[in-house]
Enquirer: 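Got a structure here, written out as structure tokens. Questions coming.
Keep in mind that this is a model prediction, so the values were computed, not measured. Proteins come first, then strands; the chains are lettered A, B, ... in the order of their sequence lines, and each starts at number 1.
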Number of protein chains: 2
Amino acid sequence: MNHQVFNELDLTSLLSLSFSALIDELHDRLRELGFGDIRPAHGFMFKCITPNGATGIELAEYLGITKQAVSKMVDYLEKSGYVVRQTHPTDKRGKIIVLTERGWLVVKAKEKILTEIEGGWSKNIGTERMQMLKEDLSKLVFEENTGKLSSRLRPVW
Amino acid sequence: MNHQVFNELDLTSLLSLSFSALIDELHDRLRELGFGDIRPAHGFMFKCITPNGATGIELAEYLGITKQAVSKMVDYLEKSGYVVRQTHPTDKRGKIIVLTERGWLVVKAKEKILTEIEGGWSKNIGTERMQMLKEDLSKLVFEENTGKLSSRLRPVW
DNA sequence: ACTTTGTAGTCAATCAAGTTGACTATTTTA
DNA sequence: TAAAATAGTCAACTTGATTGACTACAAAGT
């Protein structure tokens with residue numbers, strides 16, 4: 001495969017491919033560390049659970065998905081040993097989802113791996129350009145959502 | 001919602017959010033034009049079908065998914081009037097999938113919309129920075145895949 | 001020539017991540 | 001304190017994918 005094909009990629013494909021390259025590498029490396037049962041969809045949920053736990057409703061709002069979808073994901077993560085449901089201290093209807101020890105391990109591993117990947121990318125394009133890239137993407141994400149900051153904001157990891 | 005939250009987003013979230021912002025806006029506008037039955041997953045398939053059609057196997061390799069998944073997508077797009085299966089001229093096993101008139105309409109609409117969105121983004125961050133952003137993302141996508149250019153390359157649209 | 005092997009596509013069953021709607025158990029409010 | 005709102009679960013469905021089994025045709029090897 002030669003370089004030429006990549007020069008012809010449009011912005012949409014570039015964003016799609018760079019994102020999936022990042023996620024794929026992350027999950028390859030998590031699998032090597034024994035976290036093969038963690039899938040891309042679970043990533044952003046951990047971000048909301050740390051550090052103090054979260055209720056299902058909070059997770060649903062944060063991820064922009066329904067509470068039912070959250071409930072099923074939590075079923076899976078609880079079964080896999082990453083989180084546990086605790087009874088809510090003041091509201092007997094609610095539960096708070098918190099990380100187990102294994103949950104903390106995968107979150108720490110994820111942070112380390114992402115730092116390494118971003119470091120590699122910075123070495124490739126230069127730290128100044130990486131800084132610019134993040135600034136510009138921040139502007140685009142912000143601009144795109146002024147006035148309609150909705151359920152659509154669903155980052156992963 | 002204030003700007004602060006976006007300044008704290010990491011690279012992964014930035015790529016995810018910018019990509020989904022782009023795709024969401026594209027599909028909102030396609031829906032307004034009466035192409036509400038086109039979904040994000042269909043996008044990259046059109047890219048491979050144009051301009052001369054493609055076989056199911058070619059599409060599967062291009063998209064990095066199975067031929068069965070392609071077959072089901074083609075079922076849907078044929079039912080919706082965007083493509084047709086033609087008998088292959090030389091190989092009676094094969095079929096070539098080509099765009100209908102409606103298929104061409106949606107491809108043209110897509111190109112126009114993406115150009116407009118990218119134009120808006122360029123106005124936001126500046127054309128030079130947009131050029132840099134595309135260069136840098138190209139480098140990352142290319143670097144990430146040297147030696148392991150695999151089924152993982154699945155852009156959308 | 002014709003049998004073996006390979007290839008293009010479809011059918012069926014399943015999975016993963018999401019949806020909507022109905023329901024229970026609580027909490028809040030009027 | 002009765003009525004309305006909220007947190008969570010259950011069940012059925014959708015979408016985009018998978019693997020495995022199968023048919024029809026093509027290409028190669030004796």
Side-chain angles (χ1 to χ4, degrees), chain A residues 16 20 23-24 27 36-46 48-49 53-80 83-98 150-157, chain B residues 16 20 23-24 27 36-46 48-49 53-80 83-98 150-157:
Chain A
S16 170
S20 57
I23 290 297
D24 286 345
H27 284 273
D37 47 1
I38 291 295
R39 290 188 293 267
H42 306 130
F44 199 52
M45 180 171 271
F46 283 119
C48 187
I49 294 174
T55 68
I57 294 286
E58 282 166 356
L59 288 171
E61 276 167 12
Y62 189 65
L63 277 78
I65 59 177
T66 60
K67 57 184 181 169
Q68 294 93 325
V70 167
S71 188
K72 285 202 284 186
M73 264 207 279
V74 172
D75 284 348
Y76 176 85
L77 290 174
E78 191 166 38
K79 198 185 63 189
S80 310
V83 304
V84 284
R85 287 169 165 102
Q86 294 183 343
T87 54
H88 195 284
T90 62
D91 187 340
K92 277 180 211 156
R93 292 169 306 178
K95 299 174 185 177
I96 39 175
I97 294 114
V98 296
S150 70
S151 68
R152 295 236 164 94
L153 283 175
R154 263 172 282 177
V156 176
W157 277 110
Chain B
S16 170
S20 57
I23 289 297
D24 286 344
H27 284 273
D37 48 1
I38 291 294
R39 291 189 293 266
H42 305 131
F44 198 51
M45 180 172 273
F46 283 120
C48 186
I49 294 173
T55 67
I57 294 286
E58 282 165 356
L59 288 171
E61 276 166 14
Y62 190 65
L63 276 79
I65 59 176
T66 60
K67 57 184 181 170
Q68 294 93 325
V70 167
S71 188
K72 286 203 284 188
M73 265 207 278
V74 172
D75 285 348
Y76 177 85
L77 290 174
E78 191 166 38
K79 198 184 65 190
S80 309
V83 304
V84 284
R85 286 169 166 105
Q86 294 184 342
T87 54
H88 195 283
T90 61
D91 187 339
K92 277 178 211 158
R93 292 169 306 177
K95 298 174 184 175
I96 39 178
I97 293 115
V98 296
S150 72
S151 66
R152 295 237 164 92
L153 284 176
R154 265 172 281 176
V156 177
W157 279 111

Enquirer: How long is the span from the CD atom in A:Glu58 to the CG atom in A:Leu63, to the nearest 0.5 Å?
Expert: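 Reported to 0.5 Å precision, the distance equals 12.0 Å.
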
Enquirer: Could you check whether any side-chain heavy atom of B:Met73 comes within less than 4.5 Å of a side-chain heavy atom of B:Leu59, counting everything from C-beta outward?
Expert: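 A side-chain contact under 4.5 Å is absent here.
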
Enquirer: Figure out the CG/C1' separation between A:Leu77 and C:dA16, and round it to whole Å.
Expert: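 So the two atoms are 13 Å apart, to the nearest Å.
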
Enquirer: If I take atom CG in residue B:Asp75 and atom C1' in nucleotide D:dT15, what distance separates them, rounded to the nearest angstrom?
Expert: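 Value for this atom pair: 14 Å.
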
Enquirer: Taking for each residue the nucleotide of DNA chain D with the nearest heavy atom, is it B:Met73 or A:Gln68 whose nucleotide lies nearer the 5' end?
Expert: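 By nearest-heavy-atom nucleotide position, the 5'-most residue is A:Gln68.
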
Enquirer: Rounded to the nearest Å, what distance is computed from the OH atom of residue B:Tyr76 to the C1' atom of nucleotide C:dT10?
Expert: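 Distance, rounded to whole Å: 20 Å.
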
Enquirer: For C:dT10, does OP1 or OP2 lie under 4.0 Å from any side-chain N or O of B:Ser71?
Expert: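 So the side chain of B:Ser71 is within the cut-off, an N or O lying under 4.0 Å from OP1 or OP2 of C:dT10.
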
Enquirer: Within a strict 4.5 Å, meaning less than it, do heavy atoms of the B:Ile38 and B:Leu77 side chains meet?
Expert: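 Yes, close enough: below the 4.5 Å cut-off.
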
Enquirer: Give the B/S/- string for nucleotides 23-30 of chain C, one per nucleotide from 5' to 3', where a protein heavy atom under 4.0 Å of the base yields B, of only the sugar-phosphate yields S, and otherwise -.
Expert: --BBS---

Enquirer: Kindly compute the distance separating CD1 (A:Ile49) from NE2 (A:His42), expressed to the nearest 0.5 Å.
Expert: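 Between atom CD1 of A:Ile49 and atom NE2 of A:His42 there are 10.5 Å.
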
Enquirer: Has B:Tyr62 got a side-chain atom pairing as donor or acceptor with B:Phe44's backbone, closer than 3.5 angstrom?
Expert: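 The answer is no, because no donor-acceptor pair under 3.5 Å joins these two groups.
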
Enquirer: Test of understanding: with side chain to side chain contact (heavy atoms under 4.5 Å, CB included), list the residues that count as partners of B:Lys95, not counting sequence neighbours.
Expert: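 B:Lys95 satisfies side chain to side chain contact (heavy atoms under 4.5 Å, CB included) with B:Arg85 only.
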
Enquirer: Atom NE2 of A:His88 to atom C1' of D:dT6: distance rounded to whole Å?
Expert: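 It works out to 12 Å between those atoms.
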
Enquirer: Can you tell me if B:Thr66 touches the phosphate of D:dA17, counting only side-chain N or O atoms and a distance under 4.0 Å to OP1 or OP2?
Expert: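 Indeed not, no polar side-chain atom of B:Thr66 lies that close.
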
Enquirer: Taking atom P of D:dG8 as reference, at what distance in whole Å does atom CZ of A:Arg85 sit?
Expert: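 Spelled out: CZ on A:Arg85 to P on D:dG8 is 9 Å.
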
Enquirer: Between C:dC15 atom P and A:His42 atom NE2, what is the distance in whole Å?
Expert: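 Going from NE2 in A:His42 over to P in C:dC15 covers 15 Å.
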
Enquirer: With side chains defined as the heavy atoms from C-beta onward, is the minimum distance between B:Met45 and B:Ile97 less than 4.5 Å?
Expert: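 SC-SC contact between B:Met45 and B:Ile97 ruled out.
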
Enquirer: Is there a side-chain contact between B:Lys72 and the phosphate of C:dG9, meaning an N or O under 4.0 Å from OP1 or OP2?
Expert: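 No.
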
Enquirer: Calculate the interatomic distance between A:Ile57 atom CD1 and D:dT9 atom C1'; express it in whole Å.
Expert: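 My rounded result for the distance is 12 Å.
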
Enquirer: Would one find a side-chain N or O of A:Arg39 under 4.0 angstrom from OP1 or OP2 of C:dC15?
Expert: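 For C:dC15, neither OP1 nor OP2 has a side-chain N or O of A:Arg39 closer than 4.0 Å.
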
Enquirer: Specify the separation, in whole Å, of atom CD1 of A:Ile65 and atom C1' of D:dG8.
Expert: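 Atom-to-atom, A:Ile65 to D:dG8, this comes out as 14 Å.
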
